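Residues take their numbers from the sequence shown, with the count starting at 1. In this text, all values refer to a predicted model and were calculated from it rather than measured experimentally.
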Amino acid sequence: VQLQASGGGLVQSGGSLRLSCAASGRTFSSQSITWFRQAPGKEREFVAAIPRSGSAPYYADSTKGRFTASKDNAKDTAYLQMNSLKPDDTAVYYCAARFGPAPRTPQSYDYWGQGTLVTVSS
């Protein structure tokens, strides 16, 4: 399984970005996709997860109501729509895949994208 994250960039506070996570292989529909982020000097933290079916995503408290995770099994691509961005959202964002449920701990994932940098200016 190979994942390619993209869509990061520089945005002003209050702005929006959409991240994409493109997967290779023919097993995407069997994978849960989870988004993590890591700011400089901080540990990698859970952002959002979407189960294999693409329904019922769930979020970290810090992103709930602002971020929306989705999954298009026909396109082998997952998305993270980020609205009302804040400077605290600045980090490298990673997508990770797992066959089965999607826990919030990064140690549970074997497959990772390379990360895409999101910078939110104040």
Side-chain angles (χ1 to χ4, degrees):
V1 176
Q2 292 186 323
L3 303 174
Q4 180 79 26
S6 62
L10 174 64
V11 63
Q12 289 187 332
S13 182
S16 298
L17 281 174
R18 188 177 81 156
L19 306 184
S20 298
C21 177
S24 65
R26 292 173 287 183
T27 57
F28 188 72
S29 61
S30 300
Q31 300 165 16
S32 298
I33 300 294
T34 301
W35 293 91
F36 294 89
R37 66 186 181 188
Q38 188 165 18
K42 294 188 177 181
E43 294 186 350
R44 194 165 296 189
E45 66 173 359
F46 170 79
V47 173
I50 186 155
R52 291 170 288 181
S53 65
S55 62
Y58 51 97
Y59 303 91
D61 288 344
S62 60
T63 61
K64 194 177 302 181
R66 300 187 298 124
F67 291 12
T68 302
S70 61
K71 186 174 184 273
D72 188 337
N73 288 332
K75 295 184 178 179
D76 290 349
T77 303
Y79 304 96
L80 184 68
Q81 177 66 42
M82 306 186 295
N83 298 330
S84 302
L85 283 162
K86 307 173 183 179
D88 284 350
D89 295 318
T90 295
V92 176
Y93 283 70
Y94 299 89
C95 57
R98 188 172 186 269
F99 292 96
R104 298 177 181 234
T105 52
Q107 297 86 348
S108 301
Y109 292 82
D110 294 325
Y111 307 106
W112 290 86
Q114 83 288 3
T116 185
L117 176 62
V118 171
T119 304
V120 184
S121 63
S122 57

Determine which pairs satisfy side chain to side chain donor-acceptor pair (under 3.5 Å) with at least one residue from residues 113-122, sequence neighbours left out, and list them in order. none
So, using ring-ring contact (aromatic ring centres under 6.0 Å, His included) as the criterion, who are the partners of F28 when residues are at least two apart? none
Which residue pairs pass the disulfide bond (SG atoms under 2.5 Å apart) test when at least one of the two sits in residues 60-122, sequence neighbours left out? C21-C95
Quick one: list whatever passes side chain to side chain donor-acceptor pair (under 3.5 Å) with Q81, sequence neighbours left out. N83
Taking side chain to side chain contact (heavy atoms under 4.5 Å, CB included) as the test, write out the residues that go with T27, two or more places apart. V1, Q31, F99
Set of residues satisfying ring-ring contact (aromatic ring centres under 6.0 Å, His included) with respect to Y79, sequence neighbours excluded: none
To the nearest 0.5 Å, what is the distance between CD1 on I50 and CD1 on I33? 9.0 Å
Kindly compute the distance separating CG (L117) from CG (L10), expressed to the nearest 0.5 Å. 9.0 Å
Any disulfide bond (SG atoms under 2.5 Å apart) pairs touching residues 35-68, not counting sequence neighbours? none
Examine Y94 and Y111 and state if one hydrophobic cluster contains both, with Ile, Leu, Val, Met, Phe, Trp and Tyr joined whenever side-chain heavy atoms are less than 4.5 Å apart. no
Residues passing the ring-ring contact (aromatic ring centres under 6.0 Å, His included) test with F46, sequence neighbours excluded, are Y58
Is there a path from L19 to Y109 through hydrophobic residues (I, L, V, M, F, W, Y) whose side chains come within less than 4.5 Å of each other? no
Looking only at heavy atoms, what is the nearest atom pair of A91 and A39, with distance? CB-N, 3.8 Å
Could you tell me which non-hydrogen atom of A49 sits nearest to which non-hydrogen atom of T34, and how far apart they are? CB-OG1, 3.5 Å
Is there side-chain contact between T63 and L80, with at least one heavy-atom pair below 4.5 Å? no
For N73, all residues meeting side chain to side chain donor-acceptor pair (under 3.5 Å), sequence neighbours excluded: K71
Would you call K86-D89 a salt bridge at under 4.0 Å N-O? no
Looking only at heavy atoms, the pair that brings S84 and S16 closest together is N-OG, 4.4 Å
Pairs flagged by salt bridge (charged side-chain N to carboxylate O under 4.0 Å, His left out) wherever residues 96-113 is involved - sequence neighbours left out: none
Report yes or no: do M82 and V11 belong to one cluster of Ile/Leu/Val/Met/Phe/Trp/Tyr joined by side chain heavy-atom distances under 4.5 Å? yes
Please list all pairs passing the salt bridge (charged side-chain N to carboxylate O under 4.0 Å, His left out) test where one or both residues lie in residues 39-53, with sequence neighbours left out. R37-E45
Within one Ile-Leu-Val-Met-Phe-Trp-Tyr cluster: V92 and W35, side-chain cutoff 4.5 Å: no
With sequence neighbours excluded, what pairs up with S108 under the side chain to side chain donor-acceptor pair (under 3.5 Å) test? T105
Please report the shortest heavy-atom distance between W112 and P106, naming the atom on each side. CZ2-O, 3.4 Å
Y59 versus T68, closest heavy-atom pair with distance: OH-CA, 3.3 Å
Within-4.5 Å side-chain heavy-atom neighbours: L85 and F67: yes
Which heavy-atom pair separates T77 from K75 by the least distance, and what is that distance? OG1-O, 2.9 Å
